[in-house]
2 protein chains.
Amino acid sequence: MKRILIIEDDLNIAELERDYLQLNGFKADIVQDGAQGLQRALTGKYDIVIVDLMLPNKDGYEIIKEARKNLDIPLVVVSARGEDISKIRGLEYGADDYLTKPFSPGELVARIKSHIKRYERLKGNSRGASEVLTHAGLEIHTASHQVSVNGREVQMTAKEYELLLFLASHPNMVFSKEHLLSAIWGDDYFGDTATVAVHIQKIRKKIEKDPSNPEFIETLWGTGYRLTSNYRG
Amino acid sequence: MKRILIIEDDLNIAELERDYLQLNGFKADIVQDGAQGLQRALTGKYDIVIVDLMLPNKDGYEIIKEARKNLDIPLVVVSARGEDISKIRGLEYGADDYLTKPFSPGELVARIKSHIKRYERLKGNSRGASEVLTHAGLEIHTASHQVSVNGREVQMTAKEYELLLFLASHPNMVFSKEHLLSAIWGDDYFGDTATVAVHIQKIRKKIEKDPSNPEFIETLWGTGYRLTSNYRG
DNA sequence: ATTATTGTTTAACATTTTGTTATATAATGA
DNA sequence: TCATTATATAACAAAATGTTAAACAATAAT
């Protein structure tokens, strides 16, 4: 369960926010004092922080600025209408989003969810986060290790899958056979790069319509292989 | 320099956005068609994408949804006032931000900057360093080894690519054929400098409109070759 | 233990790239 | 201008690289 810190001196607003967030499965704490809020944020116990701009002791800008030095979690600024100029300043100080009161609770929740999703997407172990990789008809389901082309499922062996997944995880990047060998087989592996070529061939046989004219895994002569996400008409 | 893709059918708005972004040091491309926009976004050549909601062929929601499968860069939705309900939907589909027209150009730029900052912060700043070299219409994508001229992709062989990359990495500098030979072919290479000349020809054939009157790779008689980043009337 | 599956190596073959050469064209300077 | 020199172009030969099938080895399954 995600934990949210609300730094807001108006208790009515703060509780409204908390209630809505709780209804949506979050756990939210309220702090009414700016300096205290910054301290709590820095404990690292929260997944996201919502900060009001006008606060006793330490205003929202300062909190954002200070917190950002040590936190990369989403920081959302909230302020009363009319302080719009500060919007830009808030963003420049390191806030991730800006909401103007009054806002609908639904919007708050949606934004919070969106920020959490993005944060996990970008932080999450490089690829495990996204479950399905898609490149123009090619689908790789990382959870089930299933691969399909235009809806038709294709059986991959372990090495084939690994190699394909690696290429698909780095679309548009060229990798030499040596690079692929050390990436998939391990740095210390003794072996010929021909192995890579053979596996590429086997993958192509399975996923390409015309393996001698590959659509997905391109060969760059003298350079390596590349899985391109470009459609080619 | 960060590259931004603007998917927006209203050319007035698109150009306004582009101009402001360019004034702020970004490079921005415009696509007016939804389906085409998605394709361009998926090439992986952009650091951020701005999408209008109402588009011909493929609307903003679909673009966001599809693009998000393969991209973790910031996706910003833009829409006319009154479509506010969709705000939440856009965010749920994977957008990173939402702007309602009309917005001030300053705000657009501030948000874009903020998104880029966050992205780099969360990605660990690993990417984005010198991924794309640009010289007046000529683009070299070092990750994918793709070269394009005015948006059209051009196929390069390994040696051609190496040579072009070398020249483009040192714009405005003249290199003798001897220098290029030892830089690309190696210090100990036995071979004629004619080889360099021939490769220059081959590159010119691919990237120059009129290879006998080259715009990119100039010949300096008795001295060598130079890739100039200046336009020449 | 036997069989089936998967992975690796080999070698013949096909393809692409690269370098060389010959010839044409253009620039330079007397 | 004309000879001289440098560069451009095209065609070809050589080298490098990639593909493929098939034999062999290793691993997993029955």
Side-chain angles (χ1 to χ4, degrees), chain A residues 145-147 154-167 174-186 188-227, chain B residues 145 147 154-167 174-186 188-228:
Chain A
H145 281 219
Q146 277 174 322
V147 175
V154 166
Q155 289 299 8
M156 289 279 164
T157 69
K159 271 272 144 39
E160 287 163 9
Y161 177 81
E162 266 192 278
L163 181 52
L164 178 61
L165 181 65
F166 182 85
L167 290 170
V174 198
F175 297 99
S176 67
K177 285 192 276 249
E178 288 78 11
H179 190 134
L180 292 171
L181 199 70
S182 70
I184 314 289
W185 279 262
D188 49 348
Y189 180 78
F190 300 94
D192 203 285
T193 54
T195 303
V196 176
V198 171
H199 279 273
I200 293 281
Q201 176 213 352
K202 289 178 177 168
I203 295 170
R204 279 182 178 154
K205 262 191 195 160
K206 294 183 179 179
I207 68 170
E208 302 282 2
K209 201 150 91 187
D210 175 8
S212 61
N213 204 3
E215 228 184 311
F216 296 111
I217 302 178
E218 292 175 87
T219 299
L220 281 102
W221 269 70
T223 311
Y225 298 97
R226 174 179 65 191
L227 193 146
Chain B
H145 282 218
V147 175
V154 167
Q155 293 297 351
M156 290 279 164
T157 70
K159 269 271 143 42
E160 287 163 9
Y161 177 83
E162 267 192 277
L163 182 52
L164 178 61
L165 182 65
F166 181 85
L167 291 170
V174 198
F175 297 99
S176 68
K177 286 192 275 252
E178 288 78 11
H179 190 136
L180 292 172
L181 199 70
S182 70
I184 313 291
W185 278 262
D188 49 348
Y189 181 78
F190 301 95
D192 202 281
T193 53
T195 301
V196 177
V198 170
H199 277 274
I200 295 281
Q201 300 328 309
K202 288 178 177 165
I203 295 170
R204 279 182 179 155
K205 251 192 203 163
K206 294 183 179 178
I207 67 170
E208 302 282 2
K209 203 149 92 187
D210 176 8
S212 60
N213 203 4
E215 228 184 311
F216 297 111
I217 302 178
E218 293 175 86
T219 299
L220 282 101
W221 263 71
T223 312
Y225 299 98
R226 174 177 65 189
L227 192 144
T228 308

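Worth saying up front: this structure is predicted, and the values here are computed from it rather than measured. FYI, side chains are in, hydrogens and waters are out, and symmetry mates aren't considered; it's all heavy atoms of this structure. Per chain, numbering begins at 1; letters A, B, ... match sequence-line order.
Contact between the side-chain N/O atoms of A/Tyr225 and the OP1/OP2 oxygens of D/dT19 is found at a separation under 4.0 Å. Contact annotation: A/Arg204 side-chain N/O to D/dT19 OP1/OP2 distance is under 4.0 Å.
By the side chain to side chain donor-acceptor pair (under 3.5 Å) test, A/Lys209 pairs with no residue at all, sequence neighbours left out. Taking the salt bridge (Lys or Arg N to Asp or Glu O under 4.0 Å) definition, one finds that B/Glu208 meets it with nothing, sequence neighbours left out. With sequence neighbours left out, the side chain to side chain contact (heavy atoms under 4.5 Å, CB included) criterion links A/Gln146 to A/His141, A/Ser144, A/Glu153. Here B/Glu160 pairs with B/Met156, B/Thr157, B/His199, B/Lys202, B/Ile203, B/Lys206 under the side chain to side chain contact (heavy atoms under 4.5 Å, CB included) rule; sequence neighbours left out. Partners of B/Asp188 according to the side chain to side chain contact (heavy atoms under 4.5 Å, CB included) rule, which considers only residues two or more places apart in sequence or in another chain, do not exist here. Residues satisfying the side chain to side chain donor-acceptor pair (under 3.5 Å) test with B/Ser212, not counting sequence neighbours, are B/Asp210. Applying the side chain to side chain contact (heavy atoms under 4.5 Å, CB included) criterion to B/Ala194, with sequence neighbours excluded, gives B/Asp192. For A/Lys205, there are no salt bridge (Lys or Arg N to Asp or Glu O under 4.0 Å) partners two or more places apart in sequence or in a different chain. Partners of A/Arg204 under the salt bridge (Lys or Arg N to Asp or Glu O under 4.0 Å) rule, at least two apart in sequence or in another chain, do not exist in this structure.
One can place CD1 of A/Ile184 at 14 Å from C1' of C/dG7, the figure rounded to the nearest angstrom. In this structure, CD of B/Glu178 is placed 11 Å from P of D/dA6, rounded to the nearest angstrom. Atom P of nucleotide D/dA6 and atom NZ of B/Lys177 are separated by 9 Å, given to the nearest angstrom. Regarding A/Lys205, its NZ atom lies at a distance of 14 Å from the C1' atom of C/dT6, rounded to whole Å. Note: CG (A/Leu163) to P (C/dT6) measures 16 Å, nearest angstrom. Atom CG in A/Leu181 sits roughly 11 Å away from atom C1' in C/dT8 (whole-Å rounding). A/Asn213 has its CG atom 14 Å from the C1' atom of D/dT19, to the nearest Å. Distance CD (A/Glu162) to C1' (C/dT6): 13 Å, rounded to an integer number of Å.
Summarising the geometry of B/Ala158 relative to A/Thr223, their closest heavy-atom pair is CB-OG1, 3.7 Å, with the distance given to 0.1 Å.
Under the 30°/60° scheme for interplanar angles, the aromatic rings of A/His179 and A/Phe166 are found to be tilted.
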N/O-N/O pairs, protein side and nucleotides 24-30 of chain D side, under 3.5 Å:
none

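With axes fitted over five pairs at each extremity, the angle between the ends of the helix from C/dA1-D/dT30 to C/dA30-D/dT1 is 30° (10° resolution).
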Report summary line: Its contact letters, B for base, S for sugar-phosphate only and - for none at protein heavy atoms under 4.0 Å, make nucleotides 12-30 of chain C read ---BSSBBBB----BSS--

